[in-house]
4 protein chains.
Amino acid sequence: MSVKKTENELKALSAKAQKKRNNILGNSMRVFAKEGFGGTDVQVIADLAGVGKGTVYRHFGNKEQLFLATAKHCLEMLGQFVLKELGGEQASQQLVQQHGAIETLRQIASAVALFYQRTPQAVEIMIQERAEFRETVFPSHLMHRAENRAGVDELIKAAIDGGEIRVVDPTIATNAYSDLIYGSVISGCLEGGKSKLVARVDAAMEIFLAGLTPENSKSKRKPRNS
Amino acid sequence: MSVKKTENELKALSAKAQKKRNNILGNSMRVFAKEGFGGTDVQVIADLAGVGKGTVYRHFGNKEQLFLATAKHCLEMLGQFVLKELGGEQASQQLVQQHGAIETLRQIASAVALFYQRTPQAVEIMIQERAEFRETVFPSHLMHRAENRAGVDELIKAAIDGGEIRVVDPTIATNAYSDLIYGSVISGCLEGGKSKLVARVDAAMEIFLAGLTPENSKSKRKPRNS
Amino acid sequence: MSVKKTENELKALSAKAQKKRNNILGNSMRVFAKEGFGGTDVQVIADLAGVGKGTVYRHFGNKEQLFLATAKHCLEMLGQFVLKELGGEQASQQLVQQHGAIETLRQIASAVALFYQRTPQAVEIMIQERAEFRETVFPSHLMHRAENRAGVDELIKAAIDGGEIRVVDPTIATNAYSDLIYGSVISGCLEGGKSKLVARVDAAMEIFLAGLTPENSKSKRKPRNS
Amino acid sequence: MSVKKTENELKALSAKAQKKRNNILGNSMRVFAKEGFGGTDVQVIADLAGVGKGTVYRHFGNKEQLFLATAKHCLEMLGQFVLKELGGEQASQQLVQQHGAIETLRQIASAVALFYQRTPQAVEIMIQERAEFRETVFPSHLMHRAENRAGVDELIKAAIDGGEIRVVDPTIATNAYSDLIYGSVISGCLEGGKSKLVARVDAAMEIFLAGLTPENSKSKRKPRNS
DNA sequence: CATGAATGAGTTTTCATTCAT
DNA sequence: TATGAATGAAAACTCATTCAT
């Protein structure tokens, strides 16, 4: 049985198998986050998950793939969380139309921050992945960005055309936006304790997004109550 | 145990020891950056440095302390590099007075980016440190920030008072400024290849610093040729 | 984790594990005795036992515990051997009643000597344990004594009451009896070659036990043919 | 320069060298006794002695010879102590003549016990030597015995001829006498705490020496107040 | 499919010994 | 002679991975 599963294969798995898989993944997230990739003993994950070590290997092939699956799992959770926070696909569309791109970017950033504030283990996983697999594997969080950046790019491009955002290279703006979130999350989860992440990101965004706003429209922005 | 040693003998001794120490440190930086903390075999560092493994342990105690010393070394190099780029202490003072805080922040960020672009290993070291020693050790890069943030804070505070920067919480601004650099450096050194780091940071700064600029002064800024 | 296992399967499993355990123990006894605790490489034991080094560690945790288990194993063998030599529990009781305490003490000492003469490795183990773990661990041979001394104490006490042994502090007598055996075994296995241990202990006992005999009964004792 | 020194070479050493040698020996005794042979780091001995590690090696050749020299040193101290306790050569002669062999043996045993009670490190050294060098080196304590046993043998032989000791093989008696002291010292220094060693040996001797006494003379012995 | 005992390659670390100063 | 920095052989111990049950 291949360990790398296609979407279809995954769907084909019995509910029971899915449950076991997620059980392992949940525990591996905790352990990897706490002990780091190198410091993690797969046996510990198996014990916490209440399965044999062989079962873990059957499902994920090896430690590296287990970790990568864990990282992917985190990102999926992040994606779902952000979408839910924005109220779903439709509400997101409406948000852009009714409140503009800037506000949308702000809310996305805020949602991301909230996710990592509530799931600080995901921060560790992200860092571990970057640290361990820098060259070997294209980090899933970058892959995740790649998936999402198209959206952000579009958002920004349209906003530039509409005059809501001043004229900048959309790629540059997207990068800067992502980098600021990324840097704030990593630093913020250590420095500010776990409860200050949203505040830190919101505050940073307030400045950054102001930098994207055309001068004449700045005064029009309503004060916010974040 | 020597009965008496002249100052010169002492200095000569410590100079020799210093040389050996730096030799080891330089090689450990390369290896740790390439292999990661967990993936590094101290023997390899010793071989590259042309010394016995015991010598490495004699100088640094254990692998962890060797790594931490390496990380500290990187930050010291960064500090020296930035200072040199700005032209030294005095020139830095003049820079602020003649070109303002915004321009100074831009140049600092640019210098930091240039350092990491030229010394991409330092990026890996920084990430490794964060990944391996998250809670155990207060990361030296944060310590480094703590040392420098006072200066940035002052800079921003004064600029706010002088009207060059719009009214924001200086702590927040400093955090955001640092986080953006941090995030850009980590992402940029992977995504853009090694040569694009300065461009990425400069571009991000262009947006971010615009967000710090009061509206009426924005138009006055000259276009930059990054 | 097996869902169900019959009693037999469990017994079979533990029997197999027991066999492997005893296999390791037997070889560790040889190696520890020959090389000493410090001089022993666990790998050698594993090789001789025909198992992987990891298996040894899996079963015994670390070198120290392996050694301690070995020492305990020796003492168990000693206990079984002595009991067997005396003909079992019942025969021992009869021995006391029919031939008296003195004769019993002599036979016990003789059996102990015979064991160590046939299993000189056990002597080395005992010494190693004393040498390496003096304060850390309460030596198992002393623990062993503690278990047996109650019996010897009783024996002597009863014999004093019955007039077979002259009036002495039973604790003192037991100590002296044990110390003499202990000292003879340790010295004898080196000095006299391996074959003279029983003779040495018997001869020493002849003198010592005479010292426990009331004067008037001494002349009654029949000459022995050791 | 040879590390193994003849008596003459030793005497030829300057007082200063002698002092340094004894300084090292005194510290090595403490460290070997506390840490065991394998657990001892020669550097620690050098540090305590206030000399360089090279100096230790210059004087003693290697760790093994350092240990052996330490063991020998202990035995020399023991010999001197016992002789002093008995009041010197002459007094010893008189002791035998005036109080008999039995009393002399008792006093020797008591003196030995007192030495080990006051210098418990010497016990550890003795055990370590036996444990580490069982076959390689003929243990110095046995060598020591060999030197002294001649005297004890003579003593016993003469006492048998004189009727003070009952007819036994003198070699056997000497062995048993030594073994009992040996066993008591090793056990006693652990079990009874350090302060009970003399009492333990005295009590054991009381019984053992009774076993050497002819029946008819037993009643003549005065009760002792140990 | 699940399990967990077995394995041994791979690493860290120590420390006896040497030798240039 | 004295020193102590340098060395590297040696060993303990871990844990990812396999595979017989």
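Remember, it's a predicted structure, so these values are computed and weren't measured experimentally. Lettering follows sequence order; numbering is per chain, from 1.
Per the geometry, NZ belonging to D/K63 stands 11 Å off C1' belonging to E/dT14, to the nearest Å. Distance B/Q43 CD to F/dT7 P: 11 Å, rounded to the nearest Å. When rounded to the nearest whole Å, the span between CD of C/Q18 and C1' of E/dA5 equals 15 Å. Per the geometry, CD1 belonging to B/I45 stands 12 Å off P belonging to E/dT13, to the nearest Å. Taking atom CD on B/E64 and atom P on E/dT11, their separation rounds to 18 Å, with Å as the unit.
Toward the 5' end of DNA chain F, the nearer of the two residues A/G54 and C/N62, judged by each one's closest nucleotide, is C/N62.
In this structure, C/F37 and C/F32 have parallel ring planes: the angle between them is below the 30° cut-off, well short of the 60° mark.
The side chain of A/R58 contributes no N or O atom lying less than 4.0 Å from OP1 or OP2 of E/dC1. The phosphate of E/dG8 has neither OP1 nor OP2 within less than 4.0 Å of any side-chain N or O from C/K53. The side chain of B/K20 places an N or O atom within less than 4.0 Å of a non-bridging phosphate oxygen (OP1 or OP2) of F/dA6. Phosphate contact (OP1/OP2 of F/dA5, side-chain N/O of B/H59, threshold under 4.0 Å): absent.
Electrostatic pairing of A/E124 and A/R30 does not count as a salt bridge here, judged by no charged N lying under 4.0 Å from a carboxylate O.
Base pairing of E/dC19: its partner is F/dG4, meeting the Watson-Crick or G-U wobble criterion (both donor-acceptor distances under 3.5 Å).
The heavy-atom pair separating A/E129 from A/A71 by the smallest distance is OE2-CB, 3.8 Å. The minimum heavy-atom distance linking C/L25 with C/S28 is given by the pair O-OG, 2.9 Å.
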